[in-house]
Protein chains: 2
Amino acid sequence: MSTVIEEVIPAADFRTMHSTAACNQSLQAVQDALYVLNGKWKLPIIIALREGPRRFRELQRLVTGITAKVLSKELKELEMNEFAVRHVYATTPVTVEYELTEYSHSLDSVIEALRQWGTQHRARILGKDKLEI
Amino acid sequence: MSTVIEEVIPAADFRTMHSTAACNQSLQAVQDALYVLNGKWKLPIIIALREGPRRFRELQRLVTGITAKVLSKELKELEMNEFAVRHVYATTPVTVEYELTEYSHSLDSVIEALRQWGTQHRARILGKDKLEI
DNA sequence: GAAAGCGGTATCCTTTGGGATACTGATAAC
DNA sequence: GTTATCAGTATCCCAAAGGATACCGCTTTC
């Protein structure tokens, strides 16, 4: 992510871009995006948090199958990317809450595109499965 | 991917969906989509193929750094997902060409969303870097 | 006083993705 | 006759991701 961008090219439709530099730059952007959503748990956690702030153990129950260790690691990464904030309340014992940030909603269009494509792709595959029996 | 979908729910805006079943279904769709784009090489290969059909060795030269083993594996996966087709021509020695399918273009909107988000995210991070010096 | 819940951390282990290298049999180029 | 190219495959190896389990100090509930 700290790579220098040598040549800045105005935004253009992906389909029409074929210069090497433009392609590389697009590729880099797409890979940046995939990188932050990568792994088995980022999306499940983000989606669980969409309904409101959650405490650590609450999240672990909502995101079925995740271990405390992994949840902890993922939450740190979400914090680093500024998708979530961690609130500590001085109760005894302390209460810790995780909440999505405003910035996390910049992902909405990405997630929506993924959702739409994934939905039709699944339908397509299920359709083929039927024909293949 | 062969999981049965129990409850079918009409498409709805991602932000407004909060029933458990709807969320799970969305999550599944998003994960399906991420799954097919996953790994270090899927996108570089797809992007290389956008400019036209390529032979195996040609691809290996275009996608810098990929080994034959990995390229071979990735191409098989692209074929399985019907993003690419493999054409074998009976020359001596045989000529093998890989070509994107029509269906691969259904990914365009996904890739475009990822590209746009990735671009602004990178700009955001580079901006922060400056402030932090 | 024992058990369970809180928010994690530490340690060990397995699985997966991917890199490095070597090799194939046929053909074309030097 | 040697070398390079084609489209891969086979084998070995390494690092990262993630699962399993145990544990921490603290507090509430039974």
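Values in this document were obtained by computation on a predicted structure and should not be read as measured data. Sequence lines set the chain letters: A, B, ... in the order given, protein chains first and strands last, and positions in each chain run from 1.
- Regarding Glu74(B), its CD atom lies at a distance of 14 Å from the P atom of dG8(D), rounded to whole Å.
- Computed from coordinates, the Glu79(B) CD to dA7(D) P distance equals 14 Å when rounded to whole Å.
- For dG8(C), the OP1/OP2 oxygens have a side-chain nitrogen or oxygen of Arg86(A) closer than 4.0 Å.
- Straight-line distance from the NZ atom of Lys42(A) to the C1' atom of dA16(D): 12 Å, rounded to whole Å.
- In this model, no donor atom of one side chain and acceptor atom of the other lie less than 3.5 Å apart for Gln28(A) and Asn24(A).
- Remark: C1' of dG17(C) and NZ of Lys40(A) are 15 Å apart, rounded to the nearest angstrom.
- Between Glu58(A) atom CD and dC6(C) atom P there is a gap of 9 Å when expressed in whole angstrom units.
- For Lys69(B) against dG19(C), a side-chain-to-base donor-acceptor contact under 3.5 Å is present.
- At the phosphate of dG18(D), OP1 or OP2 sits under 4.0 Å from a side-chain N or O atom of Lys73(A).
- Taking the side chain as every heavy atom from C-beta outward, Pro44(B) and Gln31(A) approach each other to under 4.5 Å.
- Taking the six-membered ring where tryptophan is involved, the planes of His121(B) and Tyr103(A) are essentially parallel, since the angle between them stays under 30° and well short of 60°.
- When rounded to the nearest whole Å, the span between CG of Asn38(A) and C1' of dA16(D) equals 12 Å.
- In summary, the side chains of Glu112(A) and Gln116(A) do present a donor paired with an acceptor at a separation below 3.5 Å, with no hydrogens or angles considered.
- OP1 or OP2 of dG8(D) has at least one side-chain nitrogen or oxygen of Tyr98(B) nearer than 4.0 Å.
- Nucleic acid contact for Gly39(A): sugar-phosphate only, since backbone atoms but no base atoms lie under 4.0 Å from a heavy atom of the residue.
- Between Arg61(A) and the phosphate of dG5(C), there is no side-chain N or O to OP1/OP2 separation shorter than 4.0 Å.
- Checking the phosphate oxygens (OP1, OP2) of dT9(C), a side-chain nitrogen or oxygen of Lys76(A) falls inside 4.0 Å.
- Among all heavy-atom pairs drawn from Lys42(A) and Leu37(A), the shortest one is CB-O, 3.8 Å.
- When the side-chain nitrogen and oxygen atoms of Arg57(B) are compared with OP1 and OP2 of dT5(D), none of them lie within a distance under 4.0 Å.
- Taking atom CH2 of residue Trp41(A) and atom C1' of nucleotide dG19(D), one finds them 10 Å apart after rounding to whole Å.
- Residue-to-nucleotide proximity on DNA chain D shows that, of Gln60(B) and Ile66(A), the 5′-proximal contact is made by Gln60(B).
- Nucleotide dG8(C) holds its P atom 12 Å from the CD atom of Glu97(A), rounded to whole Å.
- Nearer to the 5' terminus of DNA chain C, by closest-nucleotide assignment, is the contact made by Thr95(A) (compared with the other of Pro93(B) and Thr95(A)).
- Residue Val96(B) places its side chain closer to dA7(D) than to any other of dG19(D), dA7(D), dG8(C).
- When the side-chain nitrogen and oxygen atoms of Arg55(B) are compared with OP1 and OP2 of dC6(D), none of them lie within a distance under 4.0 Å.
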